[in-house]
Amino acid sequence: MFISIEGIDGCGKTTLCNKLSEYLTKKNIDHIKTLEPGGTLIANQIREILLHSEGLDLKSEILLFLAARAQHVSELIKPALDEGKWVITDRYSDSFLAYQAYGRGFDFDFLNKLNNFACYNLYPDKTFYLKIDVKTSLARQTDPDRISSSDVDFYKRIKLGFDELSQKFSDRFEIIDATQSIEKVFQDILKELNI
Ligand code: TYD
């Protein structure tokens, strides 16, 4: 089972990934919990450049997110799935389309093709989109990085991106109202997973 958790900054993804991982451990479901950009040593090195370097060209940003994803899939996600483990990832391919295509304004189809290439055409069985409005997102952000410190219009485009992606890929997307309490959001996720 391959699960991604997606949404704009401040939607509670990381907390939910942790809760889900704890729950799977209790249920003796063998799994890994990971995140993007990152998940492996090389992908973490790329993450440092992505989130903390000044003067990064936007095309470099795109190529580095893809490089991190290719490394993450080939070194960690695919082997874990092959061993029969569940994989939970905090962000994946949809963040790329929402942030770099909708947010930054690069061509969707072109980035979608690059994404297919970088993730070896491996997509989640379920994508939980933790949906919040931009105002809540901005109010919840405490420690912005290079990308998340961008402006309100940027966030509005990303939010629209996730909304449209949830329609386009409705076979795997589950929209969760993430303005609810963490506990309620968590219960909604468990219900969808039937565990
Ligand atoms: P991170 O510190 O992991 O933030 P969060 O807790 O919000 O996930 O930083 C990841 C940042 O990178 C976040 O602002 C979203 C952005 N991002 C992209 O722009 N494109 C991508 O493909 C991915 C995976 C993340």
Side-chain angles (χ1 to χ4, degrees), residues 2-21 33-40 42-54 56-77 87-108 110-120 122-124 127-134 136-162 165 169 176 178 182 185:
F2 181 18
I3 299 166
S4 64
I5 305 209
E6 295 278 13
I8 55 177
D9 300 73
C11 68
K13 290 177 294 79
T14 310
T15 310
L16 266 304
C17 283
N18 291 339
K19 276 181 88 72
L20 184 56
S21 174
K33 175 178 66 95
T34 184
L35 85 172
E36 288 215 350
T40 75
I42 294 172
N44 273 323
Q45 289 170 338
I46 300 172
R47 177 187 173 90
E48 271 309 298
I49 303 173
L50 275 165
L51 299 189
H52 302 297
S53 46
E54 271 177 40
L56 189 66
D57 177 72
L58 288 182
K59 290 189 181 177
S60 304
E61 175 182 297
I62 284 180
L63 296 168
L64 288 171
F65 271 118
L66 292 163
R69 181 158 307 116
Q71 195 65 35
H72 191 206
V73 173
S74 61
E75 199 183 327
L76 188 70
I77 297 179
V87 173
I88 308 165
T89 182
D90 181 343
R91 297 197 183 282
Y92 191 61
S93 54
D94 300 299
S95 278
F96 182 66
L97 295 173
Y99 281 77
Q100 276 65 51
Y102 285 87
R104 299 294 199 210
F106 287 92
D107 182 70
F108 182 92
F110 178 59
L111 293 203
N112 198 25
K113 278 196 191 131
L114 290 174
N115 225 1
N116 289 338
F117 176 70
C119 67
Y120 292 79
L122 184 66
Y123 287 95
T127 296
F128 290 106
Y129 167 28
L130 306 190
K131 189 169 175 172
I132 53 169
D133 50 87
V134 172
T136 310
S137 161
L138 293 172
R140 284 183 184 175
Q141 283 179 43
T142 48
D143 184 20
D145 51 57
R146 192 185 62 83
I147 293 169
S148 59
S149 51
S150 307
D151 60 275
V152 179
D153 285 341
F154 179 64
Y155 274 102
K156 286 189 178 156
R157 293 196 298 276
I158 296 165
K159 155 85 170 44
L160 173 71
F162 279 120
L165 288 167
F169 303 121
I176 306 283
I182 291 285
V185 172

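Just so it is clear, the structure is predicted and the values come from calculations on it, not from any experiment. Residue indices begin at 1 and follow the sequence shown. Side-chain atoms are counted along with the backbone in the values below, which use heavy atoms only and exclude waters and symmetry mates. All ligand and atom numbering here is 1-based and tracks the order in the structure.
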Can you tell me how far the [atom1] atom of [X] sits from the [atom2] atom of [Y], to the nearest 0.5 Å?
X	Y	atom1	atom2	value
Asp90	Thr14	CG	OG1	4.0 Å
Phe96	Tyr102	CZ	OH	13.5 Å
His52	Arg47	NE2	CZ	6.5 Å
Ile5	Leu130	CD1	CG	6.0 Å

Ligand 1-proximal atoms of [X], by part, heavy-atom distance under 4.0 Å:
X	value
His72	neither
Phe96	both
Leu50	neither

Worksheet item: Below 4.5 Å, heavy atoms only, C-beta onward: do Phe162 and Leu97 meet side chain to side chain?
Response: no
Worksheet item: Given side chains that start at C-beta, do those of Thr89 and His72 come closer than 4.5 Å, heavy atoms only?
Response: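 Thr89 vs His72: side chains touch.
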Worksheet item: What do you reckon, are the aromatic ring centroids of Tyr92 and Phe2 less than 6.0 Å apart?
Response: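 Centroid separation for Tyr92 and Phe2: below 6.0 Å.
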Discussion item. With a cutoff of 4.0 Å, is Glu61 in contact with ligand 1, counting heavy atoms of the residue only?
Written reply: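 It does not, in that no heavy atom of Glu61 comes within the 4.0 Å cut-off of ligand 1.
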Worksheet item: If you measure from each heavy atom of Leu35 to ligand 1, is any distance below 4.0 Å?
Response: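 Leu35: no contact with ligand 1 (<4.0 Å).
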Tell me: protein heavy atom nearest [atom], and distance?
atom	answer
atom 18 (C) of ligand 1	Phe65 CZ, 3.1 Å
atom 11 (C) of ligand 1	Leu51 CD2, 3.9 Å
atom 14 (O) of ligand 1	Asp9 OD2, 3.1 Å
atom 22 (O) of ligand 1	Arg69 NH2, 2.9 Å
atom 10 (C) of ligand 1	Pro37 CD, 3.9 Å
atom 8 (O) of ligand 1	Arg91 NE, 2.7 Å

Worksheet item: Of the options Leu58, Leu66, Leu111, which is the one that meets Gln100 in a side-chain contact (heavy atoms from CB on, under 4.5 Å)?
Response: Leu111
Worksheet item: So, is Tyr92 polar-close to ligand 1, with some N/O to N/O distance under 3.5 Å?
Response: no
Discussion item. Does any N or O of ligand 1 fall below 3.5 Å from an N or O anywhere on Gln100, backbone included?
Written reply: yes
Worksheet entry | Interfacing atoms of ligand 1 (cut-off 4.0 Å, heavy-atom, Lys13) | 5 (P), 6 (O), 7 (O), 8 (O)
Worksheet item: What atoms of ligand 1 come within less than 4.0 Å of a heavy atom belonging to Arg47?
Response: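 Answer for ligand 1: 1 (P), 2 (O), 3 (O).
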Worksheet item: Near Lys156 NZ, under 6.0 Å, is it more than 12 heavy atoms from other residues, nucleotides or ligands?
Response: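 Atom NZ in Lys156 is not packed in, count stays at 12 or less.
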Fill in: side chain to side chain donor-acceptor pair (under 3.5 Å) between Asn115 and Tyr123, intermediate numbers included
CA-CA 10 Å; Asn115 225 1; Tyr123 287 95; 4.7 Å; no
